[in-house]
Structure formats: C-alpha cells, structure tokens
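A note on names: the letters A, B, ... follow the listed sequences, proteins ahead of strands, and every chain is numbered from 1.
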Protein chains: 2
Amino acid sequence: MSQQDFVPLYVRIQRYLLDEIAAGRLSEGDRTPSEPELASKFATTRATVAKAFQQLVYEGVIVRRAGSGTFVARPAMSAPIDLSRVRSFEEQLADRGAIIDYEVVAFDSHMPTPLEIEALHLRKAETVFRLDRLRVVSGERMSLERRVIPGELGRRMTPIMIRTKSIHRILDEDFGLPVLRVEGSIRAGVAKGAIADQLAVKRGAPVLIRDYVLLSADRRPLVRGESFYREDFHIDYVVQQELRDR
Amino acid sequence: MSQQDFVPLYVRIQRYLLDEIAAGRLSEGDRTPSEPELASKFATTRATVAKAFQQLVYEGVIVRRAGSGTFVARPAMSAPIDLSRVRSFEEQLADRGAIIDYEVVAFDSHMPTPLEIEALHLRKAETVFRLDRLRVVSGERMSLERRVIPGELGRRMTPIMIRTKSIHRILDEDFGLPVLRVEGSIRAGVAKGAIADQLAVKRGAPVLIRDYVLLSADRRPLVRGESFYREDFHIDYVVQQELRDR
DNA sequence: CATGATTTGTCCGTATGTATG
DNA sequence: GCATACATACGGACAAATCAT
C-alpha cells in the first residue's frame, strides 16, 4: 500500500482497447481509432498512444500498417511455445486478455496401462487418475485435454481446482511442484468418436495432437497429457540460437 | 538496391548490442551502457535508446531495473535437444542415419503477395522465388516444403544446391547467412489437390502444416516457408526452464 | 495517373517522477 | 541526502505508405 496505485496512461489506453475488443465493439480486422483520435480522447500525445500500441503489436493483439491504420489481429487461437520459459499457454493467453474456462468431461481413477507406467515411472500397483477437460477460450471450444495423473497427486485435486486452474498452476501453487521441463511431440490426426463430439467438429476433421510429459525440477514425471486441438488452432513457437560464447 | 537502405536508428542500436553480446564483450548478467551513454554514442536522445531497449526486453535479451541499469538476460533456453537448437529437421534426421533426398517440384519467380511482403519485409517491386520440394527420407515421401525466397537470394541458388541441401545449409554455407532464429506456427489441416498428390496420400487425409520464417543474426527475415507433413510424421520438442536466480 | 489527405514510422528535445545504491 | 538510471509523458517535426478523389 505504500505505493499509489498509479496506472500509466499508456496502460489505460491499452485497457481501453482490450475492453473494446472484449466487448465486441472491435472485432477481428476492424480498424481501431487512429493515433490522433486516441491522443485527443485521452488528452495526451501521439507518442504515448504509439507506445500503448507498440506493446499490443508485440503481443499479437493488433497489426499496424503505415498509411492505412491499426487493425485488430486475428483472435488468439494459438498457443505460443516460448522456448525461453516454461509457462502454460493459459498464462500466455491470459496475458493477452483471453478468458479461459474449463469444462470437466471426466475425472476418475483406474489402473495404469503399461504405457502410462513407463511414461510416469509408476509402480505397477499404483492407481492413476484420468482428467478429461475441454478448454474454452472466450466462449469457444478450443481443445480437449486428456491427462493422466499419478494417484498420489490426483487424490489431492479438488473439484474447484480442476474446474478453474491449469495443471501447471495446480502443480505449482497447490502442490509446490513447479513444472521445469516439458517433453512433447506434435502430430496431425483425424477427429473420431468422442473426440469429434467433444470438440464439436465433424468426424474426419483434422486435429492437432500434442502428447507431452510435464517434469519437475528433479526430472520426475508429474503428469502425462494428450491434447487435441481443432483445425483453426495453431501453436506458435520461436527457436533461437544462443548468441553467447563461441 | 541503393535507395532504401535506411535502417532505423533504434535498430542500429539493437544490432550494436546484439553484436556486443555475440562477440562476448557483454555476457549474461553484465550491465549494458546506460541510456545516456548510448544516446551520446549514437548522437541521439534517450527516447530513441529506450525504444531500442524496449523491444529487446520483450524478446528476453535484456532485463531492466529502474535505478540500477540494463542487464543482459540469462541465455534464453537451454533445451538440450531438438527445437531448442536451430537445426533443420534434415540435420536431426541425418543424425539418426536417415538418408534424405529432395525432389524439386517447382522453382520459379513471381511478384510477392502482401503477406509475403509483410513476412519478409520486402519492398513491393522486389520479385521473389518460390521453391517447392518433396523431402524423401529413406525412400519415403515425408513432406512437401514450399519456400518463398527474396530475389536477391533466390537468384544465387543453383540447381545443385536446391537438389541436395537444406535451406539452412545453403544459407549458412553458401551465402554466409546462418539462421539464428526461427519463428513459426504449427497447425493441422487436410491434404487436398496437388499437396495430396505430391505427398502420395488420399485427399482429405490429415497433414501437419508448419509455417515459419528463418531469421539471420541481425533479425532480418531470410526465407519464409510452409511445410506439409504426412500424418505419420511428428515433431518432437523440449522446453526447459533455467533454474537460475530471481 | 496524379495529388492531397490520412495514418503510421521515426526522431528530436525537454521534463518530471521513481527506484536503486 | 545525493547521484545515477530507468519510467513515463509532453509537444513538435518530417518522411513513407496508403487510399480516395
């Protein structure tokens, strides 16, 4: 409380724009007010408006074209894999103002398959939990995630946790087990049966499938997951060579 | 190519800093010159230096602390495998003993689309080359790659190069332009028309689609690509968090 | 096709506030 | 307290890209 809750003007301008988008008054492809218009509206200068815009460009919210204007970018149907940090894509989307809901499809326990024993380094007799959730971003079904969780951890998950938080956050905040490493694999496949139904796509529609294991600091596998993404979803990534040494 | 060699001052400042880091004169944790110092060095104002810094902050190259200074951030990612290093898929496969051949489907020039101008930062009148190749791994058609190459580079590519080498290797070995950064996006789609034929899969079969831009050391876009992979192909990745201080 | 209005891109110079050591 | 460094903001200027007329 020692600090005043001062909000920089350029942040207030960003919030104004994000609100306009969230409220639907600005949609994909629409032109935003110009720099002079916003400068006048907020009683400031173009430089400040430009700064507000610049960050939103970096976050992929808007695109700008000289001589033309500033436009709302396509909706955030993407999950950046920022290889410099292990963050769940929920966090990354939340940074951009998206609203994420979960719809729990199944949460129960069973005996692990040999594949699951291998992936999670389980003892044979240890039961595991299965958690199937639909991830809904800003009202749209985006993906179906299937998780296999060791009994030890699964027993401690409450209904509230699994309805509201990403697995990353549950592991970190509730269990004190931050995810330090993700090993995964991405491939294409077709939606069939239950998966097609739950994603609300036609059977035979293409889906992006991501298999992964979340690992803790000591390289212990924490959770195995399989996520199915609709065709209109994409995963963004950046790979960069180290500049140092050499 | 003479008229428009203008490089914004803030970009030149960024390149200066990136060079200092690449050359090892600045390492992880080192303090960079301050805003006034750089402003003086480049005969500009603090505002311009601040803008140069701001983008590097967003890209994770530096961190800034008010009252303290600007510091070189920890190396972005330490992922030991796969995507964390900038290698082409060819190299990764070759490591495992696979034999890679290319079958050139098309190599011609055309005027760039607006999308290509945007992605490659082209001038409008500059023609670009299109290179379509099938990647054949151990006798099996694995993927179709479509590349868009600025005329300047495309004109220097010989038939032998494009029949035998990955784009990464051509850029590095033949043009002295190593790829230091890849920005891409992965999604699922269906094979249709020419793509299905060339991949030798049924129309409607799922394919993995990867869009990307290869960038050089100074962040200039070199090549834009779109690759289509058959259903049985998968992309492995590892993301790992650095353990360091905080 | 030319031209002017609009819009963003870049840059200058100045000023004040806040955090750090 | 003090100097240094970054954070935010003001106001003005010209250039380049775009688009409607």
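Separating the CD atom of Gln54(B) from the P atom of dT10(C) is a distance of 13 Å, rounded to the nearest angstrom.
Residues Arg64(A) and Val57(A) meet the side-chain proximity criterion, which asks for heavy atoms closer than 4.5 Å. The shortest side-chain heavy-atom distance between Lys192(B) and Asp197(B) does not fall under the 4.5 Å cut-off.
Residue contacts shown for Thr48(B) are limited to sugar-phosphate atoms, with no base heavy atom under 4.0 Å away. At a threshold of 4.0 angstrom between heavy atoms, the contacts of Ala52(B) with the nucleic acid are absent.
Arg133(B) forms a cation-pi arrangement with Tyr102(B), by the criterion of a distance under 6.0 Å to the ring centre and an angle within 45° of the ring axis.
Listed by first and then second residue, the ring pair (Phe, Tyr, Trp, His ring centres under 6.0 Å) pairs involving residues 9-38 of chain A are Tyr16(A)-Phe42(A) (not counting sequence neighbours).
Using modelled atom types, no side-chain atom of Glu226(B) and backbone atom of Asp211(B) make a donor-acceptor pair closer than 3.5 Å.
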Could I get a table of every N or O pair under 3.5 Å where one atom is in the protein and the other is in nucleotides 4-8 of chain D?
{"unit_1": "dA5(D)", "atom_1": "OP1", "unit_2": "Arg31(B)", "atom_2": "NH2", "d": "3.3"}
{"unit_1": "dA5(D)", "atom_1": "N3", "unit_2": "Gly67(B)", "atom_2": "N", "d": "3.4"}
{"unit_1": "dC6(D)", "atom_1": "OP1", "unit_2": "Thr70(B)", "atom_2": "N", "d": "3.4"}
{"unit_1": "dC6(D)", "atom_1": "OP1", "unit_2": "Thr70(B)", "atom_2": "OG1", "d": "2.9"}
{"unit_1": "dC6(D)", "atom_1": "OP2", "unit_2": "Glu35(B)", "atom_2": "N", "d": "2.8"}
{"unit_1": "dC6(D)", "atom_1": "N4", "unit_2": "Arg46(B)", "atom_2": "NH1", "d": "3.3"}
{"unit_1": "dA7(D)", "atom_1": "OP2", "unit_2": "Arg64(B)", "atom_2": "NH1", "d": "2.8"}
{"unit_1": "dA7(D)", "atom_1": "N7", "unit_2": "Arg46(B)", "atom_2": "NH2", "d": "3.3"}
{"unit_1": "dA7(D)", "atom_1": "N6", "unit_2": "Arg46(B)", "atom_2": "NH1", "d": "3.3"}
{"unit_1": "dT8(D)", "atom_1": "OP1", "unit_2": "Tyr10(A)", "atom_2": "OH", "d": "3.0"}
{"unit_1": "dT8(D)", "atom_1": "OP2", "unit_2": "Tyr10(A)", "atom_2": "OH", "d": "3.0"}

